[in-house]
Amino acid sequence: MTATARPTSRPSPRPARRAMTRAEVRAFIEQLAAANPDARSELNFVDDFTLLVSVVLSAQATDASVNRATVGLFADAPDPAAMVALGEEKVGAHIRSIGLWRTKARNVVALSQQLLDRFGGKVPHDRAALESLPGVGRKTANVVMNIAFGDSTMAVDTHIFRIGNRTGLAPGTTPRAVEEQLVRRIPADMLRPAHHWLILHGRYVCKARKPECWRCPAFEPCQYRLKEDIRNEAPATKA
DNA sequence: ATCCCGAGGG
DNA sequence: CCCTCTGGAT
């Protein structure tokens, strides 16, 4: 409720969340780099094709669950032709332990067919081409371009969207807005690996539930700590 | 805005 | 039980 009067001197009922300064952004990213010296994707893949399929399968699923399913899937279908030959039903059987499996099975087979028909069986190094494939949106295209082709893209997933807004690193109401903020604010030479640093940070420290703020290098500038009155120390281990 | 959709954690 | 996991298409 807004029944209680607020001082007329304050323009808004709640102060807007402060975005990190450029110096704070740089310090945060550099400390994430130091904390994750050999950061890489935790998906198991062997080439561009198996990477693309793994990323499509990873929607609303953990990397661990995707890896469990792709062992058998890639043994049967290591390339687009084999994937088409395997067919939607058998692909589905391999990935049934992953959420959204019906849609994903259909997309993976259709996507493989289109790689054969339109791109000579290869994964195109082209954003528009990638996003034209079934089951591939901006986030997936950004991941493939970053990992397979070495582009300085920033894929904004659930983790990075949360970190951007929660901490003030890159506030934005849509994934696209957060992406643009990150590209603008993170030094160019750190942008590509920063994707992995942020993912790991979101997965293990700045978690959706019960974030472990005492392990976070951005504790000082982070806006979440102010909102939630979080302490910069680990909870006492019970005796 | 809603649907797709299973496993794991708290 | 509820929430979350590297979303995309309608």
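Quick note on labels: first sequence line is chain A, next is B, and so on, each numbered from 1.
- A close approach under 4.0 Å does occur between a side-chain nitrogen or oxygen of A:Arg68 and OP1 or OP2 of B:dG8.
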Protein and nucleotides 2-4 of chain B: nitrogen or oxygen contacts under 3.5 angstrom:
none

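- Out of C:dT4, C:dG7, C:dT6, the shortest distance to the side chain of A:Arg209 is found at C:dT4.
- As a whole-Å value, the separation of A:Lys207 NZ from C:dT4 P is 12 Å.
- When all heavy atoms of A:Ala194 and A:Ile186 are compared, the closest pair comes out as CB-CD1, 4.2 Å.
- Put simply, A:Thr158 has a side-chain N or O that comes within less than 4.0 Å of OP1 or OP2 on C:dC5.
- Note on A:Leu200: nothing from the nucleic acid sits closer than 4.0 angstrom, heavy atoms only.
- Taking every side-chain heavy atom of A:Asp63 into account, C:dT6 is the closest of C:dG8, C:dT6, B:dG8.
- In the hydrophobic cluster analysis, where Ile, Leu, Val, Met, Phe, Trp and Tyr join through side-chain heavy atoms closer than 4.5 angstrom, A:Val66 is grouped apart from A:Tyr204.
- The environment of A:Lys207 atom NZ is dense: over 12 non-hydrogen atoms of other residues, nucleotides or ligands sit within 6.0 angstrom.
- Counting non-hydrogen atoms under 4.0 angstrom, A:Val136 reaches the backbone sugars and phosphates but no base.
- Using a 4.0 Å heavy-atom cutoff across all strands shown, A:Arg203 reaches at least one base atom of the nucleic acid.
- Between the side chains of A:Arg118 and A:Ser132, a donor-acceptor pair is found at a separation under 3.5 Å.
- Using a 4.0 Å heavy-atom criterion, one finds that A:Ser58 contacts the sugar-phosphate atoms exclusively.
- Within 4.0 Å (heavy atoms only), A:Arg162 reaches sugar-phosphate atoms of the nucleic acid but no base atom.
- The side chain of A:Ser41 lies closest to C:dT6 when the candidates are B:dG9, C:dT6, B:dA7.
- The pair A:Glu88-A:Arg102 fails the salt-bridge criterion, with no side-chain N (NZ, NE, NH1 or NH2) lying under 4.0 Å from an Asp/Glu carboxylate O.
- Rounded to whole angstrom, the span from the CG atom of A:Leu52 across to the C1' atom of C:dG8 amounts to 13 Å.
- To the nearest whole angstrom, the two P atoms, one in C:dC3 and one in B:dT2, are 16 Å apart.
- Candidate nucleotides B:dG8, C:dT4, C:dT6 were compared by shortest atom distance to the side chain of A:Ala208, and C:dT4 ranks first.
- Side-chain N/O atoms of A:His125 and A:Asp48 include no donor and acceptor closer than 3.5 Å.
- C:dT6 and B:dG9: their P atoms are spaced 13 Å apart (whole Å).
- Between the CG atom of A:Asn67 and the C1' atom of C:dT6 there is a distance of 12 Å, given to the nearest Å.
- Among the atoms of the strands shown, none is found under 4.0 Å from any heavy atom of A:Asn107.
- A:Leu57 pairs in a side-chain contact (heavy atoms from CB on, under 4.5 Å) with only one of the listed residues (A:Leu73, A:Asn67, A:Leu52), which is A:Leu73.
- Of the N and O atoms on the side chains of A:Asn36 and A:His196, not one donor lies less than 3.5 Å from an acceptor on the other residue.
- Place A:Ala64 and A:Gly135 on DNA chain C by their nearest nucleotides, and A:Ala64 ends up nearer the 5' end.
- The gap from the P atom of C:dG8 to that of B:dA7 amounts to 22 Å, rounded to the nearest Å.
- An OP1 or OP2 oxygen of C:dC5 is reached within less than 4.0 angstrom by a side-chain nitrogen or oxygen of A:His159.
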